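These notes are about the structure you will find just below.
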Amino acid sequence: MNVLIVEDERGLALEIDEFLSKQGYTIEHARKKATAEEKIFVNQYDFILLDLGLPDGDGFELLHTLKNIKGREDAVIILTARGEVDDRIKGLEDGADDYLAKPFSLNELLARMHAVIRRKHKLEKNDIEVFGFNLDIKNRLVTFGEERINLTKKEFEIFNYLVLNKNRVISRVNLTEHVWGDILEVNSDSNFVDVHVKNLRKKLAIHAEIPWFETVRSIGFRINI
Ligand code: CA
């Protein structure tokens with residue numbers, strides 16, 4: 001999943017980056033409101049971690065801009081030193097998914113991100129059952145019965161993204177954006193997405209037939225559950 005960190009405190013931004021990268025997230029940074037705006041017009045993010053006090057404006061303005069773009073599903077978690085109840089209420093009323101007051105623990109941030117994913121995808125727990133396969137979002141594991149399937153980080157991310165967005169055709173571009181981040185930075189003329197999907201399918205197919213994992217010709221992929 002891709003995350004945009006909108007934060008002008010460089011140290012904190014890097015700390016979050018390091019922590020979430022280890023969890024398999026793809027990270028982009030914006031230190032100013034203007035940079036963040038440019039980015040949200042080009043890319044969609046699974047998460048936007050939003051500081052309110054930015055050098056060239058207020059994070060709330062960015063939240064409004066985002067919420068005025070039709071069809072956006074980016075989850076927003078506000079990170080701010082402003083702990084006032086009024087700000088917290090305003091953030092949530094304006095469409096943020098959660099709010100963390102600085103300083104916060106990175107583990108709490110991650111737990112809240114998992115909670116946002118569960119709410120957004122209407123999951124009761126961090127595990128999703130897919131025709132005998134078990135996808136554990138929290139521990140980033142896929143198992144079949146007792147057996148653990150040895151996926152690479154990217155293979156897990158692909159499976160995770162397709163399962164969360166089940167029954168929807170996910171285009172190659174969309175998948176690339178969410179798994180690899182800014183598509184402009186990725187060598188997009190190769191069919192590297194297909195290579196990763198092929199390897200993922202192969203690893204799953206060792207355990208069971210996977211007719212539910214569909215390649216939609218010339219568009220992308222869909223997991224039918
Ligand atoms: Ca700030």
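Start at 1 and go down the list; that is how both ligands and their atoms are numbered. It should be emphasised that the depicted structure is a prediction, and the values quoted were computed from it without experimental measurement.
- Not one N/O/S atom of E7, from backbone or side chain, sits under 3.0 Å from the Ca ion (ligand 1).
- Remark: K32 NZ is loosely packed, at most 12 non-hydrogen atoms of other residues, nucleotides or ligands lying under 6.0 Å away.
- Side-chain polar atoms of R222 and N224 form a donor-acceptor pair below 3.5 angstrom.
- Side-chain atoms of N126 and H114 form no donor-acceptor pair, as typed in the model, at a separation below 3.5 Å.
- When distances from the Ca ion (ligand 1) to the N, O or S atoms of D51 are compared, OD2 comes out shortest.
- The Ca ion (ligand 1) has no N, O or S atom of A81 inside 3.0 Å of it.
- H121 approaches L164 most closely through the heavy-atom pair ND1-O, 3.0 Å.
- Here the N, O or S atom of D8 that is nearest to the Ca ion (ligand 1) is OD1.
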